Amino acid sequence: PFTMESDTMIGVTRQFNGFKQALEDVKNARIFAGIHFRTATEAGTTLGAGMANYVLEHLFQPVN
């Protein structure tokens, strides 16, 4: 769990149980603001997870 304060809305603090909950909040905000459709946020989530997995598997190697 973690808490975040807004940089733009003074006094607004959001609490999340984990990163997945925070991600869903951001995705919904972008949809409600008319920036993206739901399919775009889901595709972005899939793409981001794939990139993170690639970096973890190929770029973060032990230093020995």
Side-chain angles (χ1 to χ4, degrees):
F2 63 97
T3 301
M4 293 185 66
E5 294 181 15
S6 174
D7 292 335
T8 56
M9 297 183 296
I10 306 302
V12 174
T13 303
R14 301 294 310 268
Q15 296 179 350
F16 301 100
N17 293 324
F19 289 114
K20 184 173 183 174
Q21 184 184 16
L23 174 62
E24 291 303 316
D25 189 65
V26 169
K27 288 166 42 176
N28 286 333
R30 297 184 72 77
I31 293 165
F32 299 152
I35 298 169
H36 292 299
F37 292 108
R38 175 72 58 193
T39 53
T41 63
E42 296 303 329
T45 299
T46 301
L47 179 62
M51 287 297 301
N53 287 331
Y54 178 86
V55 168
L56 290 171
E57 292 174 11
H58 295 92
L59 302 178
F60 285 153
Q61 300 296 317
V63 179
N64 290 349

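Since the structure is predicted, the reported quantities are computational estimates derived from the model, not experimental observations.
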Subject >> All salt bridge (Lys or Arg N to Asp or Glu O under 4.0 Å) counterparts of R14, not counting sequence neighbours >> reply: D25
**OP:** Go through the structure and list residues passing side chain to side chain contact (heavy atoms under 4.5 Å, CB included) with S6, not counting sequence neighbours.
**Re:** T8, M9, V12
Subject >> Q61 atom CD: more than 12 heavy-atom contacts under 6.0 Å >> reply: yes
Original post:
Can you tell me how far CD of Q21 sits from CD of Q15, rounded to the nearest 0.5 angstrom?
Top reply: 9.5 Å
Subject >> N53, CG atom: more than 12 neighbouring heavy atoms under 6.0 Å >> reply: yes
Subject >> Separation between OG1 of T41 and CD1 of I35, rounded to the nearest 0.5 Å >> reply: 11.5 Å
Subject >> K27 NZ to E42 CD distance, which is reported to the nearest 0.5 Å >> reply: 3.5 Å
**OP:** Decide yes or no on side-chain contact (heavy atoms from CB on, under 4.5 Å) for L56 and M51, but give the supporting numbers first.
**Re:** CA-CA 9 Å; L56 290 171; M51 287 297 301; over 6 Å; no
Subject >> More than 12 heavy atoms from other groups under 6.0 Å of CZ on F37 >> reply: no
